[in-house]
2 protein chains.
Amino acid sequence: MEYTIKAISQLAGVSTRTLRYYDEIGILKPARINSSGYRIYGEKEIDILQQILFYRELDFNLDSIKEIIQSPNFDEINALKQHYNELLAKRQRIDTLIYNVEKTIFNKERRLKMRDEEKFQGFKKKLIEDNEKKYGEEVREEYGEEAVKRSNEQFMNMTKQQYNELNELGNKVLETLKEAYKTGNPAGELGQKTADLHRKWITLCWGDYSPEAHANLTQMYVDDERFRSYYDKEQPGSAEFLRDAVKIYTEKI
Amino acid sequence: MEYTIKAISQLAGVSTRTLRYYDEIGILKPARINSSGYRIYGEKEIDILQQILFYRELDFNLDSIKEIIQSPNFDEINALKQHYNELLAKRQRIDTLIYNVEKTIFNKERRLKMRDEEKFQGFKKKLIEDNEKKYGEEVREEYGEEAVKRSNEQFMNMTKQQYNELNELGNKVLETLKEAYKTGNPAGELGQKTADLHRKWITLCWGDYSPEAHANLTQMYVDDERFRSYYDKEQPGSAEFLRDAVKIYTEKI
DNA sequence: TATACACATTAACGTAACGTCAATGTCAAT
DNA sequence: ATTGACATTGACGTTACGTTAATGTGTATA
């Protein structure tokens with residue numbers, strides 16, 4: 001039986017390019033060339049190809065395969081053993097690489113955590129300082145020196161997890177407020193939910209809660225330009241909406 | 001501090017070609033080019049090179065390294081983890097290869113042993129048949145049917161090791177005979193050594209020994225053209241020399 | 001019979017990370 | 001002026017094909 005290059009390539013599952021390359025490097029020549037210059041292969045060539053593919057599977061390079069299949073009485077077993085040793089060496093190398101990459105990842109993560117922690121501490125400190133500068137007086141007047149000190153202490157002792165929770169809660173307040181604002185009804189479900197989330201936030205932030213302080217604070221959000229702009233940023237009127245919602249919320253308590 | 005390409009290459013332990021290549025692919029450009037077109041590197045470039053080499057040690061390719069060191073806030077840890085997984089996959093692949101090569105070696109060795117054993121059995125059978133055809137009658141006359149049967153049985157049950165020993169011993173007889181023949185003295189040390197080796201050979205071959213049979217056998221070597229030619233092949237007269245040596249040897253017993 | 005389509009060919013470039021020339025220019029010391 | 005160490009660019013080689021281009025062949029169909 002004779003085969004064209006396509007036939008063999010499909011039989012063996014290799015590309016025709018591969019077969020031409022094998023012809024080129026002399027590892028597998030076609031049985032003959034027909035009058036049009038086409039490569040024609042026979043059964044024998046199929047057998048040789050199978051052998052080549054077998055050794056290729058074992059990761060031999062084509063030069064070695066050529067030696068193995070072309071030299072009669074070539075010491076195949078010796079070649080296999082040598083290849084085996086090379087593979088062991090390769091594995092050893094990869095094991096070392098894996099160990100080093102592991103080590104590197106560990107170190108980088110540790111350092112990253114430390115840098116994060118550092119940044120977190122710095123961030124907290126800066127936030128308190130900023131707050132002092134901006135609202136120190138008002139807050140002190142409203143809640144007294146003691147409350148401010150206690151709040152700052154609590155803030156500095158906050159763990160990162162708590163910090164993240166606080167942040168998340170703050171975002172949730174904003175999100176819910178946005179949705180609630182669309183309803184236009186501070187007394188509605190969403191409006192009251194916003195007020196409740198805000199209460200939670202205050203509790204986390206100040207470590208204490210009173211409906212009066214809550215109502216006063218949100219009133220301040222409206223009166224003070226700096227707070228108002230924070231809430232009104234996306235939807236003007238949000239600060240007033242929040243105040244109204246909280247007023248209704250606190251009156252129900 | 002400024003460095004020429006040679007200086008940096010020696011500092012970092014890489015070739016100048018490597019540095020030129022790194023310049024070419026844009027992973028490490030020199031700080032400046034001087035008026036003669038020489039590459040001039042600074043401290044910063046040394047740091048970058050160290051980084052490159054570090055990742056190169058971990059088997060990153062230069063494209064990845066380029067990304068890592070050139071993109072600010074590139075997710076290094078993620079890259080490391082991905083690389084780590086690739087290494088694990090590579091190890092997995094090598095483990096499979098190692099297993100398959102092991103299996104192949106095992107099979108090839110087993111088949112080789114079997115083929116050897118087969119050939120060995122075939123060889124023994126053929127040897128006995130040949131002997132029967134050539135010398136069957138004479139030997140039967142000399143030693144009787146029983147002895148021949150016993151001998152053949154022993155021969156067929158011979159292990160390969162024994163077979164090798166026998167072969168070796170046979171060669172040693174020939175070698176020693178060759179040396180002894182040069183002395184021209186069958187009664188001399190070498191001549192008697194030859195006789196003694198020949199006795200051992202007979203014992204192994206026939207499982208039995210008698211000085212008379214020994215002397216008779218060597219006489220036959222001389223009388224029978226077919227045996228004589230085997231011994232006289234290289235040095236004519238060797239068969240007679242052996243007979244004489246053995247005669248002296250057996251008379252001393 | 002012209003055409004369309006599958007299949008064939010050779011030739012060439014591209015891949016990754018340099019090693020290794022070759023041809024040629026520069027610097028410092030003698 | 002010469003020598004020797006050092007610099008430059010340019011180009012090929014390495015492995016096992018993939019991919020593309022330009023072109024020829026075989027066969028079925030309109």
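Lettering follows sequence order; numbering is per chain, from 1.
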Legend entry - Rounded distance in Å - CD1 (A/Ile8) to P (C/dC7): 16 Å
Inset, instruction - Give a yes/no answer on whether the side chain of A/Ser15 brings an N or O atom under 4.0 Å of OP1 or OP2 in D/dG18. - result: yes
Legend entry - Parallel, tilted or perpendicular: rings of A/Phe227 and A/Tyr221 (30°, 60°): parallel
Inset, instruction - Let me know the distance between CD1 of A/Ile65 and C1' of D/dA16, rounded to the nearest Å. - result: 11 Å
Legend entry - Distance-only donor-acceptor test (3.5 Å): side chain B/Arg17, base C/dT20: yes
Legend entry - Positive for side-chain contact (heavy atoms from CB on, under 4.5 Å) with A/His83, one of A/Ile68, A/Asp59, A/Asn78, A/Asn61: A/Asp59
Legend entry - Atom-pair distance (OH on A/Tyr41; P on C/dC7), nearest Å: 16 Å
Inset, instruction - Would you kindly give the CG-to-C1' distance between B/Leu19 and D/dT8, to the nearest whole Å? - result: 14 Å
Inset, instruction - Measure from OH on A/Tyr3 to P on C/dA8 and round the result to the nearest Å. - result: 15 Å
Legend entry - SB check A/Glu109 B/Lys81 (cutoff 4.0 Å): yes
Legend entry - A/Arg20 CZ - D/dA16 P separation (whole Å): 19 Å
Legend entry - Among C/dC27, D/dA16, C/dA17, the one nearest A/Leu62 by side-chain distance: D/dA16
Legend entry - Nearest-angstrom distance from the residue atom OH of A/Tyr21 to P of D/dC17: 7 Å
Legend entry - Salt bridge B/Glu179-B/Lys182, side-chain N to carboxylate O under 4.0 Å: yes
Inset, instruction - Answer with base, sugar-phosphate or nothing: what part of the nucleic acid does A/Asp63 contact at a heavy-atom distance below 4.0 Å? - result: nothing
Inset, instruction - Please work out if A/Ile5 contacts a base, only the sugar-phosphate, or nothing of the nucleic acid, heavy-atom cut-off 4.0 Å. - result: sugar-phosphate
Inset, instruction - Whole angstrom is fine here: how far is it from CG in A/Asn34 over to P in C/dT9? - result: 9 Å
Inset, instruction - Look at A/Thr18 and D/dG18 and indicate whether a side-chain polar atom (N or O) is within less than 4.0 Å of OP1 or OP2. - result: yes
Inset, instruction - Would you state whether a donor and an acceptor, one from the side chain of B/Tyr38 and one from the base of C/dG25, lie under 3.5 Å apart? - result: yes
Inset, instruction - Please check the phosphate of D/dT9 (OP1 and OP2 only) for any side-chain N or O of B/Arg39 closer than 4.0 Å. - result: yes
Inset, instruction - Ignoring backbone atoms, establish whether B/Thr4 has a side-chain N or O less than 4.0 Å from OP1 or OP2 of D/dA7. - result: yes
Legend entry - Distance test, side-chain N/O of A/Arg56 to OP1/OP2 of D/dT15, below 4.0 Å: no
